[in-house]
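Naming convention: chains lettered A, B, ... in sequence-line order (proteins, then strands); numbering from 1 in each chain. All of these numbers come straight from a predicted model, not from anything done at the bench.
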Protein chains: 2
Amino acid sequence: MSDSTFHVDLAQMIEQIVGKLSRFFDMTEEMADGIRVLCKDSTEFARGTLLIEADQPYQKVFLVRQGWAVRYKLLPSGDRQIINFALPGDFLCFNASIFGTSDHFVAAKTFLQTFAFDIAPFQHMLTSYPAMALAMSWANAHEEAVLAERIASLGRRSARQRMAHLFCELWRRLQLLGLTEQGAFPLPVTQEDLGDTLGLSVVHVNRTLRRLSADGLIAREHGLVRILDMGRLQQVAGFEDGYLHFTELAARRR
Amino acid sequence: MSDSTFHVDLAQMIEQIVGKLSRFFDMTEEMADGIRVLCKDSTEFARGTLLIEADQPYQKVFLVRQGWAVRYKLLPSGDRQIINFALPGDFLCFNASIFGTSDHFVAAKTFLQTFAFDIAPFQHMLTSYPAMALAMSWANAHEEAVLAERIASLGRRSARQRMAHLFCELWRRLQLLGLTEQGAFPLPVTQEDLGDTLGLSVVHVNRTLRRLSADGLIAREHGLVRILDMGRLQQVAGFEDGYLHFTELAARRR
DNA sequence: CGTTATGTTGACGCGAGTCAACTAAGGTGG
DNA sequence: CCACCTTAGTTGACTCGCGTCAACATAACG
């Protein structure tokens, strides 16, 4: 937590705060003020740090500024299931703050920069600024849509299709954030993480990745995934980006 | 749609409207008035009716009063994946109203009674009454928690465990609504529906159900599931009800 | 420069899918 | 009220995708 991070101009800060949402929802100067007050508390986490544990009372709501986090569950059997990846612009622990208790773990997969809000003033801002509440609703609905699509993957897609689908999804989400480069996107997770995300064993993740590479669909290079043939990858995945609702967002802005 | 359904007293109507939420959140008389206006439009659907289709513009937000509905996706391959079951007290199409377009289908599994809200006045009520917005947040968070647990099931549980877990979950949800009787709950869905929910083939659903019966965990009787040994069923499922957050709700009320 | 986390590969087994045939139940019209 | 038809449920035989086990390779890291 350092004050030096606050010597950014307001516009940039707002951009960070509402993340991708700020591009699509109008904001008044009043809201900007409210946000400025809220965002006094910037918090950073080292890679591997737990932000919250299951069954623990909540502490804060976090907004990711930079880095990746994972939400996951530990089953009584000891197995782990990753629910989803949180990227810059995503909120964390909002639900925990509603419930008062978390039902899952959240951990930093990379060095993680966040804004941390106490729930009371955060809720107050939502009730004060309907546009912020709408943005929050959008964020929640978006997250739920991603979970629903993951359910479809786990229930009805093969290992190869799941992997391809995950890559298509990450590509689109990161692209919107401007975090892709020349057909490649960062993937700072282990093959075990991928397995726990897609419901596969590590061994099968490995085989699936190598097969996707061998087929010329992707290439893996040092924490990056390069998409070599997006058309075929989407076809393999059965990927249709409608559930992300990015195009409607862009349209609304016009 | 008939006016005769409105000759119920206000208290009962409110109870229906906010469903299980009304037991846990305080309501003012003003809110009750707002709700009364909103709920003028009661809508019923025959079994099998589609309430909304994927890629279609939204129409309404629905609150289930009675009956079951399913939310599901159709993949490009033609496979179907059921996302979840909507029970009395659950909202439908709220996300579609946020996005402006639905990313999934919603169909009535039984004769279905709902309140149908136009999105504009509904949103207006949420901004007017923070307690309603909080209740809505709770409902959203709850739904997302259920999806997250389904992800864990699909990713890391066996067919037997998934089935047991689904039954435990439905039992708890229906119990809260007072819709269980003597250890049994209604399950108005086909084995194909169960398969599309749990990511299994119909054949395997059948075998799994028979094995659970043979083991004395459940009994199936004409649209009902009777739980014969809840302790063992929960153990098989690895069921821990924390993710439903029902106990916190009850505690909050005290 | 050892030590630990991560990635890779082969052999083998099992849980769940597929195919196919049949039974039972529900609904509809004559 | 039966004859028919369609939908839902049941069971066995066979197949295969993916898990498990085990050994090893490589990269990350202090």
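Taking side-chain N and O atoms only, Gln191(B) has no distance below 4.0 Å to OP1 or OP2 of dT7(D). For Asn206(B) and dT10(D), the shortest distance from a side-chain N or O to OP1 or OP2 is below 4.0 Å.
Evaluation of the side chain to side chain donor-acceptor pair (under 3.5 Å) rule for Thr190(A) yields Asp193(A) as partners, not counting sequence neighbours. Tyr58(A) meets the ring pair (Phe, Tyr, Trp, His ring centres under 6.0 Å) test with no other residue; sequence neighbours excluded. For Pro188(B), the side chain to side chain contact (heavy atoms under 4.5 Å, CB included) partners two or more places apart in sequence, or in a different chain, are Trp68(B), Thr110(B).
The separation between Asp193(A) atom CG and dA5(C) atom P is 14 Å, rounded to whole Å. Spacing between atom CD of Gln161(B) and atom P of dG15(C) amounts to 12 Å, rounded to whole angstrom units. Between the C1' atom of dT7(D) and the CZ atom of Arg47(B) lies a distance of 10 Å, rounded to the nearest Å. Rounded to an integer number of Å, the gap from Glu192(B) CD to dA8(D) P is 7 Å. When the C1' atom of dC18(D) is taken as reference, atom CG of Leu154(A) falls 14 Å away, rounded to whole Å. Going from atom CG of Leu209(B) over to atom P of dT11(D) covers 11 Å, rounded to whole Å.
A salt bridge links Glu144(A) and Arg71(B); the closest N-O separation between the charged side-chain nitrogens and carboxylate oxygens is under 4.0 Å.
Using modelled atom types, no side-chain atom of Thr180(A) and backbone atom of Leu174(A) make a donor-acceptor pair closer than 3.5 Å. No donor-acceptor pair closer than 3.5 Å links the side chain of Gln161(A) to the backbone N or O of Ala237(A). Between the side chain of Gln81(A) and the backbone N or O of Thr197(A) there is at least one donor-acceptor pair closer than 3.5 Å. Counting only distance, with no hydrogens or angles, the side chain of Arg162(B) and the backbone of Arg157(B) share a donor-acceptor pair below 3.5 Å. At distances below 3.5 Å, not a single donor-acceptor pair connects side-chain atoms of Arg80(B) with backbone N or O atoms of Arg156(A).
The environment of Glu181(B) atom CD is sparse: at most 12 non-hydrogen atoms of other residues, nucleotides or ligands sit within 6.0 angstrom.
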Can you pull every protein N or O that's under 3.5 Å from an N or O on nucleotides 16-22 of chain C?
{"residue": "dA16(C)", "atom": "OP1", "partner": "Ala159(B)", "partner atom": "N", "Å": "2.9"}
{"residue": "dA16(C)", "atom": "OP2", "partner": "His204(B)", "partner atom": "NE2", "Å": "3.4"}
{"residue": "dG17(C)", "atom": "OP1", "partner": "Gly199(B)", "partner atom": "O", "Å": "3.3"}
{"residue": "dG17(C)", "atom": "OP1", "partner": "Ser201(B)", "partner atom": "N", "Å": "3.2"}
{"residue": "dG17(C)", "atom": "OP2", "partner": "Ser201(B)", "partner atom": "N", "Å": "3.1"}
{"residue": "dG17(C)", "atom": "OP2", "partner": "Ser201(B)", "partner atom": "OG", "Å": "2.9"}
{"residue": "dT18(C)", "atom": "O4", "partner": "Arg207(B)", "partner atom": "NH2", "Å": "3.0"}

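At a non-hydrogen distance threshold of 4.0 Å, nothing from residues 220-228 of chain A comes into contact with DNA chain C.
In this structure, Met163(A) CE and Ser158(A) OG are separated by 10.5 Å, a value rounded to the nearest 0.5 Å.
Each end of the helix from dC1(C)-dG30(D) to dG30(C)-dC1(D) gets its own axis, taken as the rotation carrying the C1' atoms of four end pairs onto the next four within a five-pair window, and the two axes meet at 50° to the nearest 10 degrees.
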